[in-house]
Amino acid sequence: MIAYLILVHRFPEQFKRMFRAIYDPENIYVVHVDLKSGLELEDDIARFLSSYPSAEILPAEQATWGGYSLVNTELRGMAHLLKMSPNWSHFINLSGQDFPIKSQSYIASYLARHEGHEFIKVLDQREMRPETVQRIKEYVVELNGGIYRTAVQRSFLSGVTPYISNQWMIVSRAFCEFVCHSPEVDRYKQFYRNTFISDEGFFQTVMMNTSAHGQIINDDLRTIDWVPDGDIKLRPRTLTADDAEQLIASENLFARKFDIGVDDVVLDILENHIMVTLPDVQENNTASLKSSFEDRRGLKQADLAC
């Protein structure tokens, strides 16, 4: 059994397509709709999920980019999933703009072969990303949906090496139980509450400096094309039908990000891909899916011409 946490703040119809693509009655799902997105979006998602007995809504709270509130949402989601069922083995976090590139049967089979493994990207922050160390040195305050940076500098946690990467992960139930409930993690929570972009370092730092986890695989099993974007430096490029062949051939399990307002054909192709493939025949369908890709792209171009 897999436990999913999905973070949604816009594009309800796109979320619904993604949810159907990852749904399996053997799994459990928790969905968080950002409080800033409004009651209309949350009600829409809640009505949709009412048809899925293994899915629940996490009480909405504001989740601010760059703030500890994103870490807190992940922790609340993990804790909720732990209460929902004692039987799941892996936790997967997704956003509403992600999409699977393998079938649920393939993903379940893959994770069953890697029971206890932790799939999360980790980099020594001081050695590999020194330009980000200011995020953990400067005392930051999150208040009323804003991030307030100060000139106050502080030392990092004693005896701890900071790690960083991104917020996406596939981790074991044992790690979720530990990071949610162990008093050993309290000092990490207290410190990272006042750091900038803490969701890209908190879980990595806890995992790499403690022992309550399985074998760490430095891979989040996501296909993401990071591109420059001004002060943010890097952002995930929006994937389109032109990327479909590469996505189908990827060994990863998920990809991001997608925007049906930019290109919905790529989701059509991936939906077909994951519906017709099983764990032992994934590669055998590539040729037919390439043909489908060309057909659908041709139809889309014809629509645009009209």
Side-chain angles (χ1 to χ4, degrees), residues 2-23 27 29-34 37 41 45 63-66 70-71 73-74 77 90-104 106-107 110-111 118-123 164-171 197 199-201 203-204 217-230 232-274 277 289 293:
I2 301 168
Y4 282 95
L5 171 64
I6 308 165
L7 308 179
V8 181
H9 71 284
R10 59 178 180 172
F11 302 157
E13 297 310 311
Q14 182 170 327
F15 158 75
K16 293 169 189 177
R17 289 185 70 169
M18 186 268 285
F19 186 86
R20 294 186 189 102
I22 65 169
Y23 182 72
N27 297 332
Y29 304 83
V30 163
V31 179
H32 179 265
V33 181
D34 190 350
S37 300
L41 178 61
I45 299 297
T64 302
W65 183 87
L70 285 173
V71 172
T73 299
E74 298 277 355
H90 288 83
F91 165 90
I92 301 177
N93 64 344
L94 299 172
S95 84
Q97 289 187 257
D98 294 355
F99 211 81
I101 54 178
K102 296 288 190 291
S103 67
Q104 281 303 291
Y106 182 100
I107 293 172
Y110 184 92
L111 295 180
E118 319 288 354
F119 296 94
I120 183 169
K121 287 189 174 182
V122 291
L123 295 170
I164 193 171
S165 185
N166 62 54
Q167 66 268 51
W168 310 113
M169 56 188 157
I170 301 177
V171 296
I197 317 183
D199 60 314
E200 294 186 357
F203 292 100
Q204 286 87 347
I217 309 298
N218 191 5
D219 190 345
D220 56 16
L221 302 177
R222 321 288 168 117
T223 295
I224 306 174
D225 184 14
W226 296 100
V227 295
D229 185 27
I232 298 175
K233 295 188 177 180
L234 290 175
R235 64 171 177 82
R237 178 176 63 84
T238 298
L239 301 171
T240 69
D242 290 334
D243 301 297
E245 186 174 335
Q246 178 186 354
L247 293 171
I248 289 169
S250 173
E251 294 183 357
N252 288 319
L253 305 182
F254 301 91
R256 74 181 314 269
K257 67 177 183 178
F258 299 91
D259 184 338
I260 60 174
V262 174
D263 187 320
D264 62 345
V265 174
V266 63
L267 297 190
D268 296 338
I269 298 166
L270 293 177
E271 283 167 345
N272 280 348
H273 172 55
I274 64 178
T277 53
L289 284 159
F293 158 63

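FYI, side chains are in, hydrogens and waters are out, and symmetry mates aren't considered; it's all heavy atoms of this structure.
- In this structure the side chain of Q167 never reaches within 4.5 angstrom of the side chain of I197, judged on heavy atoms.
- With rounding to the nearest 0.5 Å, the separation of OG1 in T238 from CG in D263 is 9.5 Å.
- Of all heavy-atom pairs between G96 and I6, the closest is N-CG2, 4.3 Å.
- With rounding to the nearest 0.5 Å, the separation of CD1 in I269 from CZ in F99 is 11.0 Å.
- Taking each heavy atom of P100 and M18 in turn, the nearest pair found is CD-CG, 4.3 Å.
- Ring geometry for F15 versus F19: interplanar angle of 30 to 60°, hence tilted.
- Annotation: side chain of F258 is in contact with side chain of L270 (closest heavy-atom distance under 4.5 Å).
- Taking 4.5 Å as the limit, some side-chain heavy atom of R256 sits within range of a side-chain heavy atom of W168.
- The side-chain heavy atoms of E251 and Y110, taken from C-beta on, include no pair separated by under 4.5 Å.
- What you find for Q14 and L267 is that their closest heavy atoms are CG-CD1, 4.4 Å.
- When side chains are defined from C-beta on, R237 counts as touching D243, because their heavy atoms get closer than 4.5 Å.
- Heavy atoms only, all atoms of each residue included: A63 and T73 are closest at CB-OG1, 4.0 Å.
- Side-chain contact between I2 and I92 is present, with heavy atoms from C-beta onward closer than 4.5 Å.
- Side chains of E200 and L70 form no contact here, defined as non-hydrogen atoms less than 4.5 Å apart.
- The distance from atom CD1 of I170 to atom CG of D220, rounded to the nearest 0.5 Å, is 7.5 Å.
- Closest approach of L41 and P12 over heavy atoms only: CD1-CB, 3.5 Å.
- The closest donor-acceptor contact from the side chain of Q204 to the backbone of N166 lies under 3.5 Å.
- When all heavy atoms are compared, the tightest approach of N252 to K102 is O-NZ, 3.2 Å.
- Put simply, CG on L253 and CG on D219 are 9.0 Å apart, with the number rounded to the nearest 0.5 Å.
- Atom CD1 of I120 sits about 9.0 Å away from atom CG of N218, to the nearest 0.5 Å.
- Using bins of under 30°, 30° to 60° and over 60° for the plane-to-plane angle, the ring pair Y4/F254 lands in the perpendicular bin.
- Here the NE2 atom belonging to H90 is positioned 13.5 Å from the CE atom belonging to M169, to the nearest 0.5 angstrom.
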